[in-house]
2 protein chains.
Amino acid sequence: MHTETDRDDAAARLRAAGLKVTAPRLAVLDAVSGHGHLDAEAVLSRVTVALPGTSLQSVYNVLGALTDAGLLRRIEPAESPALYESRTGDNHHHVVCTRCHAVADVDCVVGEPPCLAPSDAAGFAIHTAEVTFWGLCADCQRELAG
Amino acid sequence: MHTETDRDDAAARLRAAGLKVTAPRLAVLDAVSGHGHLDAEAVLSRVTVALPGTSLQSVYNVLGALTDAGLLRRIEPAESPALYESRTGDNHHHVVCTRCHAVADVDCVVGEPPCLAPSDAAGFAIHTAEVTFWGLCADCQRELAG
DNA sequence: CAGTTGTTTTGAGTAATTCAAAACAACTCC
DNA sequence: GGAGTTGTTTTGAATTACTCAAAACAACTG
């Protein structure tokens, strides 16, 4: 499901970010890529398949390094542990289910990033606008209706 | 700084919410009202002045009850513990300082609440849009410039 | 003012994450 | 291609913010 080239790409991106290329980093990158929004535990269980023996602490280290490097994005919705996703650089937003905490992406609401600018910002120099929508996901709507 | 009437109002609002009127609840309400965005520890230290011996656990209980009742609003910005404010019901937003975590209010950006509606919401039935701006507060701008 | 029910306290427990030091592996340079 | 340096991973412990549970207590009801 993932090619030789994928791994080379990942290695190149790590190097470009000034990070050493290591097995745990490749494994984490692969675990998160295209798999939605994962917390550290979920990343660990995916990583463990490819690289048994990896510690949770390493997963935290790697997730932190990759996030700082801009290769992953971290979101922290209320009531959830930190979640990581591979879609970076486009300032998209999120919908979170108030019942089961499922998360989905939402494209930028008002044109280009940063999407929104407050009129009065209390003297803050703003660089990011983060939008979180809250609602019921399709599954939970169904369960509550049924 | 707070009148007899303030306390009566607070008691009335508690009763209206179906909650018993107790000293810790009045003290917490008073501690949070008009004092920005406080975490549980900060609430405790303010409460302790008026009501020594109050436990942190009680502060958590009270903050939870008051939030559920809609008398307080809870926000949970990334990297900060939960913060409580007395301004409820107007769906205003927040700016958070990326350096010192100071928080300020921002009025609703695009007209009336809920302010925003995503075009595609991945099947979610959305009821709230939460906006968090990130930037440098005035103090931190000054310190970095100086 | 006695009873009931909800609240507060005390004390312990948990989840998610961070800190620190030692073992180890990737890249650099010869 | 092997030694050295530096960054990474592991192991183990600690911390923060918060929740759970049971007993002591206080607010409202009649």
Side-chain angles (χ1 to χ4, degrees), chain A residues 7-8 10-31 37-45 47-48 50-69 71-72 74-84 101 103, chain B residues 7-8 10-31 37-45 47-48 50-69 71-72 74-84 101 103:
Chain A
R7 179 169 271 106
D8 289 351
R13 278 184 297 139
L14 285 171
R15 258 185 270 269
L19 295 170
K20 287 183 180 170
V21 177
T22 68
R25 285 175 178 172
L26 293 171
V28 166
L29 226 27
D30 185 59
H37 308 85
L38 305 179
D39 66 17
E41 293 281 355
V43 172
L44 177 61
S45 47
V47 163
T48 295
L51 204 64
T54 307
S55 68
L56 178 58
Q57 177 61 54
S58 293
V59 169
Y60 275 108
N61 291 161
V62 171
L63 289 171
L66 298 184
T67 302
D68 290 348
L71 298 180
L72 292 180
R74 168 168 38 216
I75 61 171
E76 293 176 57
E79 333 258 271
S80 297
L83 301 174
Y84 297 83
H101 296 137
V103 175
Chain B
R7 179 169 272 107
D8 290 350
R13 278 184 297 140
L14 285 170
R15 258 186 271 270
L19 296 171
K20 287 184 180 171
V21 178
T22 68
R25 283 173 179 173
L26 293 172
V28 166
L29 225 29
D30 186 58
H37 309 84
L38 305 179
D39 65 17
E41 293 281 356
V43 171
L44 177 61
S45 45
V47 163
T48 296
L51 204 65
T54 307
S55 68
L56 178 58
Q57 178 60 53
S58 293
V59 169
Y60 275 109
N61 290 161
V62 171
L63 288 171
L66 298 184
T67 301
D68 289 350
L71 299 180
L72 293 180
R74 168 168 38 216
I75 61 171
E76 294 176 58
E79 333 258 87
S80 297
L83 301 175
Y84 297 84
H101 297 136
V103 175

Atom CG of A/L51 and atom CZ of A/R25: how far apart are they, to the nearest 0.5 Å? 13.0 Å
I want to confirm an ordering. Mapping A/G18 and A/Q57 to their closest nucleotides on DNA chain D, which one lands closer to the 5' end? A/G18
For a quick check of understanding: with a heavy-atom distance under 4.0 Å over all strands, which category does B/A82 fall into, base, sugar-phosphate or nothing? sugar-phosphate
Judged by nearest nucleotide, the residue sitting upstream toward the 5' end of DNA chain C, B/A23 or A/A40, is B/A23
A/L83 has an atom CG; how far is it from atom C1' of C/dT17, in whole Å? 14 Å
So what does B/L56 touch, heavy atoms closer than 4.0 Å: a base, only the sugar-phosphate, or nothing? nothing
Rounded to whole angstroms, how far apart are CG on A/D39 and P on C/dT17? 7 Å
Could you check A/I75 against A/V103 for side-chain contact (heavy atoms from CB on, under 4.5 Å), going step by step and ending with a plain yes or no? CA-CA 10 Å; A/I75 61 171; A/V103 175; 4.1 Å; yes
note: A/N61, atom CG; C/dA20, atom C1'; distance rounded to Å ~ 12 Å
Categorize B/T22 for me: base, sugar-phosphate, or nothing, with a 4.0 angstrom heavy-atom threshold over every strand shown. sugar-phosphate
Check every nucleotide of DNA chain D for an atom under 4.0 Å from a heavy-atom of chain B, then give the first and the last such nucleotide from 5' to 3'. D/dA17 to D/dC28
Drop me the distance from B/L63's CG to B/L71's CG, to the nearest 0.5 angstrom. 11.5 Å
C/dC27 phosphate, OP1 or OP2: any side-chain N/O from A/R15 under 4.0 angstrom? yes
Give the rounded distance in Å between these two atoms: CD of A/E41 and P of C/dA15. 10 Å
Would you check if A/T22 and A/V62 make a side-chain contact, meaning some heavy-atom pair closer than 4.5 Å? no
Could you give the distance from CG (A/L72) to CG (A/L83), rounded to the nearest 0.5 Å? 12.0 Å
Between C/dA15 atom C1' and A/H101 atom NE2, what is the distance in whole Å? 14 Å
CD-CZ distance between A/E79 and B/R74, expressed to the nearest 0.5 angstrom: 6.5 Å
Should B/L26 and B/L14 count as side-chain neighbours, where that means a heavy-atom distance under 4.5 Å? yes
Can you tell me how far P of C/dA12 sits from OH of B/Y60, to the nearest Å? 19 Å
